[in-house]
Amino acid sequence: MTSSKILFLLGIGWIGGIGLHSFVPVGARGILVFLFIALFLLVLFRSKGLPAALLLFALCLGILYHSLALEKEAELAKSFS
């Protein structure tokens, strides 16, 4: 797999994770489920499962990033009131 394809998959996963979390609140269990699916794909399908595993891993990072950003925004709003 080329480095441009890896970067593309990571970018799509990151944006998809942020988008998913903005419409559907995904908690820690949801992130763990996505990570276990990614690990399962890597173990079971090895190199053929790598693109899907990268996509799911980046999706989890996007969800986590958006979740932390929302918490930080809530704390900042609390400090003004």
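With rounding to the nearest 0.5 Å, the separation of CG in Leu61 from CG in Leu64 is 7.0 Å. Atoms OH and CG, from Tyr65 and Leu70 in turn, are 10.0 Å apart once rounded to the nearest 0.5 Å. With values rounded to the nearest 0.5 angstrom, Leu50 atom CG is found 6.0 Å from Leu42 atom CG. One distance of note links CG of Leu54 with CG of Leu41; it measures 10.5 Å at 0.5 Å rounding. The structure places CG of Leu56 at 9.5 Å from CD1 of Ile63, a figure rounded to the nearest 0.5 Å.
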### Message
Working note: Leu20 + Phe34, criterion side-chain contact (heavy atoms from CB on, under 4.5 Å); need CA distance, chi angles, decisive distance, verdict.
### Response
CA-CA 12 Å; Leu20 177 69; Phe34 285 132; 4.1 Å; yes
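The hydrophobic clustering, which links ILVMFWY residues whose side-chain heavy atoms are closer than 4.5 Å, places Met1 and Leu55 together. Taking hydrophobic clusters as Ile, Leu, Val, Met, Phe, Trp and Tyr residues chained together by side-chain heavy-atom distances below 4.5 Å, Leu44 shares a cluster with Val33. With hydrophobic clusters built from ILVMFWY side chains whose heavy atoms lie under 4.5 angstrom apart, Ile15 shares a cluster with Phe57. No chain of hydrophobic side-chain contacts below 4.5 Å, direct or via other Ile, Leu, Val, Met, Phe, Trp or Tyr residues, connects Phe45 to Leu39. At a threshold of 4.5 Å between side-chain heavy atoms, the hydrophobic network of Ile, Leu, Val, Met, Phe, Trp and Tyr places Trp14 and Ile37 in one connected group.
When all heavy atoms of Gly16 and Leu59 are compared, the closest pair comes out as C-CD1, 3.6 Å. Here the closest non-hydrogen pair linking Ala58 and Leu10 is CB-O, 3.3 Å. Contact record, Ala53 with Ala38: CB-O, 3.5 Å, taken as the closest heavy-atom pair.
Ring orientation note: the planes of His21 and His66 are nearly perpendicular, at an angle over 60° on the 30°/60° scale.
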